[in-house]
Asks: 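Dropping the structure in here first, questions after.
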Amino acid sequence: MSTGNAGSRRVVIVGIPGVGKSTVVNRVVEKLRSKSVLHKVVNYGSVMMEQASRLPDLKSRDDMRRLSVDAQRKLQIYAANEISRLRDQIVIVDTHLFISTAEGFWPGMPLDVLQALKPTNLVLIVASPEEILKRRQNDVSRARDKATREVLEMELSAANTLLFASSMVCGCPALVISNPEGSADIAAEKIINAVLPG
Ligand code: ATP
Ligand code: AMP
Ligand code: MG
């Protein structure tokens with residue numbers, strides 16, 4: 001059985017909406033650039049949007065999770081195929097373990113998606129329900145779902161469960177990184193130190 005290219009990394013960064021994945025990933029990118037480490041960053045939702053933006057009535061990335069699950073699944077498979085083609089030594093993927101759809105929580109990384117992404121490392125970003133609530137409310141650039149503390153606790157618990165289930169399927173390590181208020185830089189540094197070679 002192949003174990004992939006020695007030293008290559010496919011780091012999949014996950015977490016519930018508004019926890020700060022993209023903020024932390026941006027900090028990781030800044031740090032890698034400053035060290036001249038070659039890498040590729042891909043936001044799974046942005047790849048889905050390449051196709052979804054052709055759909056009538058779809059105005060923003062936050063409308064995708066309101067499509068039928070069938071339609072989302074087609075976009076999900078498209079993105080998995082695109083990302084599976086990347087051959088960079090370090091690939092960082094910003095995505096979700098599950099999507100809150102009208103029909104309930106739906107997996108962002110079912111088996112075929114995990115097989116396409118081939119993560120070498122899974123990283124779950126977490127924060128307190130209070131911090132996430134505040135981030136969702138204050139970020140006017142997005143149309144995130146309104147939530148209560150109870151809903152966020154359930155989402156954090158679902159993320160934790162799916163993280164370890166995915167880790168078992170891939171046989172790769174799962175790292176939980178907390179992203180407290182004002183500390184995205186520290187979270188990024190921890191990720192680099194833990195999962196990137198050198
Ligand atoms: P989504 O899944 O919806 O894409 P996300 O997990 O990528 O969400 P971000 O967009 O990175 O979340 O962050 C949500 C909001 O929280 C943004 O306004 C961002 O500036 C803020 N934020 C992220 N991390 C921190 C932090 N450590 N301290 C303070 N604010 C933060
Ligand atoms: P994001 O900016 O990370 O919130 O991504 C935008 C949207 O893309 C999400 O709200 C989801 O609708 C969709 N998305 C991202 N990753 C996945 C995934 N792995 N599976 C299905 N949909 C996803
Ligand atoms: Mg994001």
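Read the numbers this way: they start at 1 and go in the same order the structure lists the ligands and their atoms.
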Asks: Look at the side chain of Glu82 and the backbone N and O of Val47, then say whether any donor-acceptor pair between them is shorter than 3.5 Å.
Replies: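 No, because the side chain of Glu82 does not come within donor-acceptor range (under 3.5 Å) of the backbone of Val47.
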Asks: Could you tell me, atom by atom, which parts of ligand 1 come under 4.0 Å of a heavy atom of Ser183?
Replies: 27 (N)
Asks: Does Arg65 approach ligand 2 within less than 4.0 angstrom via side chain, backbone, both or neither, non-hydrogen atoms only?
Replies: both
Asks: Which of the numbered atoms in ligand 2 are under 4.0 angstrom from any heavy atom belonging to Arg61?
Replies: 1 (P), 2 (O), 5 (O), 6 (C), 7 (C)
Asks: For a 4.5 angstrom cut-off between non-hydrogen side-chain atoms, does Tyr44 reach Met109?
Replies: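 Not in contact.
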Asks: If we ignore hydrogens and angles and just use 3.5 Å, is the side chain of Arg10 paired with the main-chain N or O of Leu117 as donor and acceptor?
Replies: yes
Asks: Any N or O on Ile99 sitting closer than 3.5 Å to an N or O of ligand 2?
Replies: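 No; every N/O pair is 3.5 Å or more apart.
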Asks: Suppose we measure from atom 22 (N) of ligand 1 to each protein heavy atom; which comes out shortest, and what is that distance?
Replies: Arg135 CD, 3.7 Å
Asks: Run the salt bridge (Lys or Arg N to Asp or Glu O under 4.0 Å) test on Arg144 and Asp62 for me, step by step, so that the C-alpha distance in whole Å, both residues' side-chain angles and the decisive distance to 0.1 Å come before the verdict.
Replies: CA-CA 7 Å; Arg144 293 194 181 86; Asp62 286 301; 5.8 Å; no
Asks: Let's go through Arg136 and Glu155 carefully: what are the C-alpha distance in whole Å and the side-chain angles of both, what is the deciding distance for salt bridge (Lys or Arg N to Asp or Glu O under 4.0 Å) to 0.1 Å, and is it a yes or a no?
Replies: CA-CA 14 Å; Arg136 284 196 193 178; Glu155 290 188 5; 2.8 Å; yes
Asks: In the protein, which heavy atom is nearest to atom 14 (N) of ligand 2, and how far is it?
Replies: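 For atom 14 (N) of ligand 2, the nearest protein heavy atom comes out as Met48 SD, 3.5 Å.
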Asks: Can you pull out the closest protein heavy atom to atom 4 (O) of ligand 1? Residue, atom name and distance to 0.1 Å, please.
Replies: Arg142 NH1, 3.1 Å
Asks: Counting only N and O atoms by type, is there a donor-acceptor contact under 3.5 Å from the side chain of Ser167 to the main-chain atoms of Leu163?
Replies: no
Asks: Please check if any side-chain donor atom of Asn179 sits under 3.5 Å from a side-chain acceptor atom of Arg27, or the reverse.
Replies: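 Side chains of Asn179 and Arg27: no pair found under 3.5 Å.
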Asks: For Glu50 and Tyr78, test the side chains for any donor-to-acceptor distance below 3.5 angstrom and give the result as yes or no.
Replies: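 Side-chain D/A pair, Glu50 to Tyr78: present.
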Asks: Please list the nearest protein heavy atom to atom 3 (O) of ligand 1 with its residue and the distance rounded to 0.1 Å.
Replies: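 So the nearest neighbour among protein heavy atoms is Arg144 NE, 2.7 Å.
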Asks: Taking the side chain as every heavy atom from C-beta outward, state whether Ile99 and Gln72 have any pair of such atoms under 4.5 Å apart.
Replies: yes
Asks: What atoms of ligand 1 come closer than 4.0 angstrom to any heavy atom of Gly182?
Replies: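 So the answer, numbered in order with elements, is 26 (C), 27 (N), 28 (N), 29 (C).
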Asks: Counting only nitrogen or oxygen atoms and a 3.5 angstrom limit, does Gly18 reach ligand 1?
Replies: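 The answer is yes, given that Gly18 and ligand 1 share an N or O pair closer than 3.5 Å.
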Asks: Please list, in chain and residue-number order, the protein N/O/S atoms closer than 2.8 Å to the Mg ion (ligand 3).
Replies: Ser22 OG
Asks: Does ligand 1 have an atom under 4.0 Å from some heavy atom of Pro180?
Replies: yes
Asks: Would you say that Leu156 contacts Pro129 through its side chain, given a criterion of any heavy-atom pair below 4.5 Å between the two side chains?
Replies: yes
Asks: Going by atom types only, do Asp70 and Ser68 share a side-chain donor-acceptor pair under 3.5 Å?
Replies: no
Asks: Can you pull out the closest protein heavy atom to atom 7 (C) of ligand 2? Residue, atom name and distance to 0.1 Å, please.
Replies: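 Here the nearest protein heavy atom works out to Met64 CE, 3.6 Å.
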Asks: Scan side-chain atoms only and decide if Arg65 and Ser100 contain a donor-acceptor pair under the 3.5 Å cut-off.
Replies: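 No, no side-chain donor-acceptor pair sits under 3.5 Å.
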Asks: Has Gln72 got any heavy atom lying under 4.0 angstrom from an atom of ligand 2?
Replies: no
Asks: State the atoms of ligand 2, each with its element, that fall below the 4.0 Å cut-off from a heavy-atom position in Gln76.
Replies: 20 (N), 21 (C)
Asks: Purely on distance, is any nitrogen or oxygen of Asp94 under 3.5 Å from one on ligand 2?
Replies: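 Between Asp94 and ligand 2 (N or O atoms, distance only) the closest approach is not under 3.5 Å.
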Asks: Quick check on His96 - does any of its heavy atoms sit under 4.0 Å from an atom of ligand 1?
Replies: yes
Asks: Decide yes or no for Pro107 and Leu97: does some side-chain heavy atom of the first lie under 4.5 Å from some side-chain heavy atom of the second?
Replies: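 Side-chain contact under 4.5 Å: no.
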Asks: Tell me, which protein residue and heavy-atom name are nearest atom 17 (C) of ligand 1, and how many Å apart are they?
Replies: Asp139 OD2, 3.7 Å
Asks: With a 4.5 Å limit on heavy-atom distance, are the side chains of Leu38 and Asp88 in contact?
Replies: no
Asks: When you measure from atom 29 (C) of ligand 1 to every protein heavy atom, which one gives the shortest distance, and what is it?
Replies: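 For this ligand atom, the closest protein heavy atom is Glu181 OE2, 3.4 Å.
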Asks: Tell me, do Pro180 and Glu131 make a side-chain contact under 4.5 Å, heavy atoms counted?
Replies: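 Of all side-chain heavy-atom pairs linking Glu131 with Pro180, at least one is under 4.5 Å.
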Asks: Residue-level breakdown please: for Glu131 versus ligand 1, do any non-hydrogen atoms fall below 4.0 Å on the side chain, on the backbone, on both, or on neither?
Replies: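 For Glu131, no heavy atom sits under 4.0 Å from ligand 1.
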Asks: Between Asn43 and Ser22, is there a side-chain heavy-atom distance shorter than 4.5 Å?
Replies: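 Of all side-chain heavy-atom pairs linking Asn43 with Ser22, at least one is under 4.5 Å.
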Asks: Could I get the full list of salt bridge (charged side-chain N to carboxylate O under 4.0 Å, His left out) partners for Lys31, not counting sequence neighbours?
Replies: Asp185, Glu189
Asks: Should we say atom CG of Asp57 is surrounded by more than 12 heavy atoms from elsewhere, each under 6.0 Å from it?
Replies: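 Incorrect, the count does not exceed 12.
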Asks: Is Gly15 near ligand 1, meaning one of its heavy atoms is under 4.0 Å from it?
Replies: no
Asks: Could you check if a side-chain atom of Ile191 sits within less than 4.5 angstrom of a side-chain atom of Ile13, using non-hydrogen atoms only?
Replies: yes
Asks: Number the atoms of ligand 1 from 1 as they appear, then name those within less than 4.0 Å of a heavy atom of Lys21, with their elements.
Replies: 1 (P), 2 (O), 5 (P), 6 (O), 7 (O), 8 (O), 11 (O), 12 (O)
Asks: Could you see which bit of Met49 sits under 4.0 Å from ligand 2, with heavy atoms only: side chain, backbone, both or neither?
Replies: neither
Asks: Could you find the nearest protein heavy atom to atom 12 (O) of ligand 1 and give me its residue, atom name and distance?
Replies: Gly20 N, 3.2 Å
Asks: Among protein heavy atoms, which lies nearest atom 24 (N) of ligand 1, and at what distance?
Replies: Asn179 ND2, 3.1 Å
Asks: Note the single closest protein heavy atom to atom 23 (C) of ligand 1, along with its residue, its atom name and the distance in Å.
Replies: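 Closest protein heavy atom to atom 23 (C) of ligand 1: Thr23 OG1, 3.4 Å.
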Asks: So which protein heavy atom does atom 1 (P) of ligand 2 come closest to, and at what separation?
Replies: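 In this structure, atom 1 (P) of ligand 2 has His96 NE2, 3.5 Å as its nearest protein heavy atom.
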Asks: Please confirm whether Thr95 comes under 4.0 Å of ligand 2, counting heavy atoms of the residue only.
Replies: yes
